[in-house]
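Here the structure is a predicted model, which means the values were calculated and not measured.
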Amino acid sequence: YIPVHSGNDLLEQQVGRTIYEEFSTVVILKEQMRVADEGWKEMLSRLRYGRVTAEDIAMLRRLVIGHPECPTTDVNDGEWKKAALVTPRHGVRRAWNDAALRKHCQETGQRLYVCRATDTIKGRDLTLAEEYGLALCNSQRTATGRKWKVKNDLEETVSFAIGARVMVIENIETDLDIANGARGSIVDIILDPDEPEIADGEAVVHLKHLPLYILVKRTRT
């Protein structure tokens, strides 16, 4: 593509064009490395071009739990225990993650840590008046059922445990593969030195401070 009137472009457009022309190598990916099932891979290829067949649709319907020809599904057995739930509803995701984490702790004997989100304004802690205002707003939101869109809004609490599987949901450092969709397992949790002593046998711990850091081992795909 060659612009017809490049002389009339804005400065940003001219700079963008110059940067684009610096690329001299084009890499075309032809081999699918992630999907191993041939039938599924062929269906995805047809789906990409809008050429899905009746056989493809029938195959997808057979994967719906409850279909007479659906393979045996037991979320408590084998690979199904590692299956990821894909859902557009945050409420379902939160309930699923909470149930899966508690089940993991029951089966492995690992301690469940619960950490409350810390509210800040431009990196500083809230004043007493600001904490009161925030609590008042949250109570009004709960009473009225209103949904407010807040930038960087975190969950009120975050639960985690050693051995729990986690997923990155934002692109943090793509050069290191710490990107949306990357998964791994928690291998260690280093608590704040000021954290009160935890009694032996305490299964659920509500932390007073944020952990110093959490070590996660990436799952390579």
Run the side-chain contact (heavy atoms from CB on, under 4.5 Å) check on V166 and V216 step by step: do they pass? CA-CA 8 Å; V166 294; V216 176; 3.8 Å; yes

Kindly compute the distance separating CG (L212) from CG (L191), expressed to the nearest 0.5 Å. 7.5 Å

If hydrophobic clusters are built by linking Ile, Leu, Val, Met, Phe, Trp and Tyr wherever their side-chain heavy atoms come under 4.5 Å apart, do I190 and V187 end up in the same one? yes

Donor-acceptor pair, distance only, cut-off 3.5 Å: does the side chain of E195 make one with the backbone of D192? no

Tell me, yes or no, whether the heavy-atom count around E21 atom CD, taken from other residues, nucleotides or ligands under 6.0 Å, exceeds 12. yes

Linking I/L/V/M/F/W/Y whenever their side-chain heavy atoms sit closer than 4.5 Å, directly or via other members, would Y20 and V15 fall into one cluster? no

For the CD1 atom on I169, are there more than 12 heavy atoms of other groups (residues, nucleotides or ligands in this structure) within a distance under 6.0 Å? no

W96 side, atom CH2; L101 side, atom CG - distance, nearest 0.5 Å: 13.5 Å

For D37 against W40, the heavy-atom pair lying closest together: OD1-N, 2.8 Å

Take V64 and C70 through the side-chain contact (heavy atoms from CB on, under 4.5 Å) test and state the conclusion after the steps. CA-CA 6 Å; V64 176; C70 177; over 6 Å; no

Provide the closest heavy-atom pair for E130 versus D125 in the form atom of the first, atom of the second, distance. OE1-O, 4.4 Å

Just so I know, are the side chains of P211 and F160 near enough to count as touching, which here means a heavy-atom distance under 4.5 Å? yes

Side chain to side chain donor-acceptor pair (under 3.5 Å): which pairs involve residues 157-168, sequence neighbours left out? none

For R124, is the CZ atom crowded, meaning more than 12 foreign heavy atoms sit under 6.0 Å from it? yes

Distance (rounded to the nearest 0.5 Å) between E42 CD and E55 CD: 11.5 Å

Single-linkage hydrophobic cluster V158~I198, side-chain heavy atoms < 4.5 angstrom: yes

So, taking the atom named CG in L112 and the one named NE2 in H104, what distance separates them when rounded to the nearest 0.5 Å? 9.5 Å

Between R111 and E202, is there a donor-acceptor pair closer than 3.5 Å when you use the side chain of the first and the backbone of the second? yes

Cluster link V114 to L207, ILVMFWY, side chain under 4.5 Å: no

Sorted by chain and residue number, the salt bridge (Lys or Arg N to Asp or Glu O under 4.0 Å) partners of E197 (sequence neighbours excluded) come out as none

In this structure, NE2 of H209 is separated from SG of C115 (nearest 0.5 Å) by 10.0 Å

Go through the steps to decide whether D98 and R102 satisfy the test salt bridge (charged side-chain N to carboxylate O under 4.0 Å, His left out), and finish with yes or no. CA-CA 6 Å; D98 183 66; R102 292 182 179 278; 3.4 Å; yes

Considering all heavy atoms, the nearest Q110-I162 contact: CG-O, 3.3 Å

Atom pair CG/OG of L215 and S185 - distance to nearest 0.5 Å: 12.5 Å

Got more than 12 heavy atoms from elsewhere within 6.0 Å of NZ, K208? no

Would you say I186 and M167 are hydrophobically clustered, going by side-chain heavy atoms of ILVMFWY under 4.5 Å? no

Under the 3.5 angstrom rule, does the side chain of R218 hit a backbone N or O of D177 as a donor-acceptor pair? yes

Taking it one step at a time, do Y113 and I214 satisfy side-chain contact (heavy atoms from CB on, under 4.5 Å)? CA-CA 12 Å; Y113 295 96; I214 298 176; over 6 Å; no

Ignoring hydrogens and geometry, is there a side-chain-to-backbone donor-acceptor pair from N171 to T174 under 3.5 Å? no

Take R93 and N97 through the test side-chain contact (heavy atoms from CB on, under 4.5 Å) and record every step on the way to the result. CA-CA 6 Å; R93 172 179 58 82; N97 287 343; 3.5 Å; yes

